[in-house]
Amino acid sequence: ITDDLFRLYSKIGYQVVKKLYISASMEFQTNLWNSWNTNSTTVKTAFLTPIRYNINVGIDYQPIKNMSIMFAPATYKMVYSLYHDGNSEQVNVTNYGIEEGKQILNEIGSSIRVKWGWKPFREIALDTEFYLYTNYRRVEIDWQINFDFFITNSLSPSYSTQPKSATITFCPAATLGAPQTICDGVS
């Protein structure tokens, strides 16, 4: 089972002091092809479903070359689905946080994005990106690792992996003074 991902990312910043920027970033993600749950005929993603759009405003710290740590206390997240009526052949939008019967999710929260690149040899490059978003009721974590191997100018195979993305939801305490618990676990 494979997943496709069409992604656009852009960041702009104003340098405040050496290695510290006030920055804004935008990210657009969607799927172009259908994908199914493992060993199932249930559709997980479809053409332009879901569409994810994030706008982040915050501070970007760049301690070393090829590393960026962006903390965005002001993050807008939008998730949109073309399919929403619950038909078994269509995508279950509740898997993406959209309420049943609706097509869109709008949230405000905060995020942290850490990007790092390393090129130990001229022929090998490693890039990794860790992203954490929270709306203060739920935490979403995404981590990507990419290896590029440069054989010639026209031949450069790549290997990319994305360890399991996680969403953790916190329930309100059952009684006053009780600690919060993880109610839905990791999905």
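Both backbone and side-chain heavy atoms feed into the values below; hydrogens, waters and symmetry mates do not.
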K.L.:
Identify the two heavy atoms, one from F71 and one from I112, that lie closest to each other, and give their separation to 0.1 Å.
P.N.:
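Smallest heavy-atom distance, with atoms named: CD1-CG1, 3.7 Å.
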K.L.:
Nearest 0.5 angstrom please: S23 OG to M70 CE, how far?
P.N.:
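It comes to 5.0 Å.
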K.L.:
So which of D4, L8, L82, I51 actually passes side chain to side chain contact (heavy atoms under 4.5 Å, CB included) with T30?
P.N.:
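Option passing the side chain to side chain contact (heavy atoms under 4.5 Å, CB included) with T30: I51.
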K.L.:
Among N56, T134, L132, whose side chain to side chain contact (heavy atoms under 4.5 Å, CB included) with S110 holds?
P.N.:
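The passing option is T134.
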K.L.:
Just to verify, what does E99 make a salt bridge (charged side-chain N to carboxylate O under 4.0 Å, His left out) with, not counting sequence neighbours?
P.N.:
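With sequence neighbours excluded, E99 shows a salt bridge (charged side-chain N to carboxylate O under 4.0 Å, His left out) to K102, given in chain and number order.
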K.L.:
If you look at every heavy atom in I98 and Q103, which pair is closest and at what distance?
P.N.:
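Minimum heavy-atom separation between I98 and Q103: CD1-O, 3.7 Å.
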K.L.:
Does one side chain, of K11 or S68, offer a donor that lies under 3.5 Å from an acceptor on the other?
P.N.:
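A donor-acceptor contact under 3.5 Å links the two side chains.
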K.L.:
Could you walk me through whether W143 and T128 pass side chain to side chain contact (heavy atoms under 4.5 Å, CB included), step by step?
P.N.:
CA-CA 7 Å; W143 183 27; T128 185; 2.8 Å; yes
K.L.:
To the nearest 0.5 Å, what is the distance between CZ (F147) and OG (S160)?
P.N.:
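Reported value, rounded in 0.5 Å steps: 9.5 Å.
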K.L.:
Can you tell me how far apart CD (Q15) and OH (Y21) are? Round to the nearest 0.5 Å.
P.N.:
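Between atom CD of Q15 and atom OH of Y21 there are 4.0 Å.
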K.L.:
For the OG1 atom of T75 and the CD atom of E27, what is their distance to the nearest 0.5 Å?
P.N.:
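If I round to the nearest 0.5 Å, the distance is 11.0 Å.
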K.L.:
Nearest heavy-atom pair of N34 and A46: which atoms, and what distance?
P.N.:
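Taking every non-hydrogen atom into account, OD1-CA, 3.2 Å.
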K.L.:
List the residues meeting salt bridge (charged side-chain N to carboxylate O under 4.0 Å, His left out) with R122, not counting sequence neighbours, and say none if there are none.
P.N.:
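Once residues adjacent in sequence are excluded, R122 has no partner under the salt bridge (charged side-chain N to carboxylate O under 4.0 Å, His left out) criterion.
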K.L.:
Start with the C-alpha gap between Y159 and N146, add the side-chain angles, then the distance that decides, and say whether side chain to side chain contact (heavy atoms under 4.5 Å, CB included) holds.
P.N.:
CA-CA 6 Å; Y159 174 75; N146 301 310; over 6 Å; no
K.L.:
P73 and G58: which non-hydrogen atoms are nearest, and at how many Å?
P.N.:
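What the structure gives for the nearest pair is CD-CA, 3.9 Å.
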K.L.:
May I ask you to list the residues sharing a hydrophobic cluster with Y133, side-chain cutoff 4.5 Å, ordered by chain and number?
P.N.:
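Once heavy-atom contacts under 4.5 Å are chained together, Y133 belongs with Y131.
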K.L.:
Show the nearest heavy-atom pair for residues Y96 and L105, with the distance to one decimal.
P.N.:
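The pair with the smallest heavy-atom distance is O-CD2, 3.9 Å.
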K.L.:
Could you measure the distance from the CG atom of L32 to the CZ atom of F47? Nearest 0.5 Å is fine.
P.N.:
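With rounding to 0.5 Å, CG (L32) is 6.5 Å from CZ (F47).
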K.L.:
How close do M78 and N54 get, heavy atom to heavy atom, and via which atoms?
P.N.:
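In terms of heavy atoms, the two residues are closest at N-OD1, 4.4 Å.
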K.L.:
How about CH2 on W33, more than 12 heavy atoms from neighbouring residues, nucleotides or ligands closer than 6.0 Å, or not?
P.N.:
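Counting neighbours around CH2 of W33, 12 or fewer heavy atoms of other residues, nucleotides or ligands fall under 6.0 Å, so no.
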K.L.:
If I take atom CD from residue Q144 and atom OG1 from residue T161, how far apart are they, to the nearest 0.5 angstrom?
P.N.:
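Taking CD in Q144 and OG1 in T161, the distance rounds to 9.5 Å.
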K.L.:
M67 and Y61: side chain to side chain contact (heavy atoms under 4.5 Å, CB included), yes or no, with the steps?
P.N.:
CA-CA 8 Å; M67 183 177 208; Y61 176 56; over 6 Å; no
K.L.:
Got a salt bridge between E129 and R7, using NZ or NE/NH1/NH2 to carboxylate O under 4.0 Å?
P.N.:
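Yes.
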K.L.:
Are Y80 and F6 connected, step by step, through hydrophobic side chains (Ile, Leu, Val, Met, Phe, Trp, Tyr) whose heavy atoms are closer than 4.5 Å?
P.N.:
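Yes; F6 is reachable from Y80 via cluster members.
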K.L.:
If only side-chain N and O atoms count, and only distance matters, is there a donor-acceptor pair under 3.5 Å linking Q62 with D60?
P.N.:
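There is such a pair between these side chains.
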K.L.:
Quick check: is V57 connected to V16 through a chain of hydrophobic side chains (ILVMFWY, heavy atoms under 4.5 Å apart)?
P.N.:
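In one cluster: no.
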K.L.:
Mind checking whether I151 and L126 sit in one hydrophobic cluster, side chains of I, L, V, M, F, W, Y counted as touching below 4.5 Å?
P.N.:
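No, separate clusters.
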K.L.:
Please determine whether residues I69 and I64 belong to a single hydrophobic cluster, defined as Ile, Leu, Val, Met, Phe, Trp and Tyr linked transitively by side-chain heavy-atom distances below 4.5 Å.
P.N.:
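Yes: a chain of side-chain contacts under 4.5 Å links I69 to I64.
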K.L.:
Indicate if Y9 and I59 have the same hydrophobic cluster label, given that clusters are the connected sets of ILVMFWY residues with side-chain heavy-atom separations under 4.5 angstrom.
P.N.:
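No, no single cluster joins them.
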K.L.:
State, with a plain yes or no, whether a side-chain heavy atom of S156 is found less than 4.5 Å away from one of D148.
P.N.:
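When only atoms from C-beta onward are counted, D148 and S156 do not touch, as no gap falls below 4.5 Å.
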K.L.:
Can you confirm whether L5 is buried at CG, in the sense that more than 12 heavy atoms of other residues, nucleotides or ligands lie under 6.0 Å from that atom?
P.N.:
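Yes.
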K.L.:
Is K115 close to D127 at the side-chain level, that is, under 4.5 Å between some pair of heavy atoms?
P.N.:
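Answer no - side chains too far apart.
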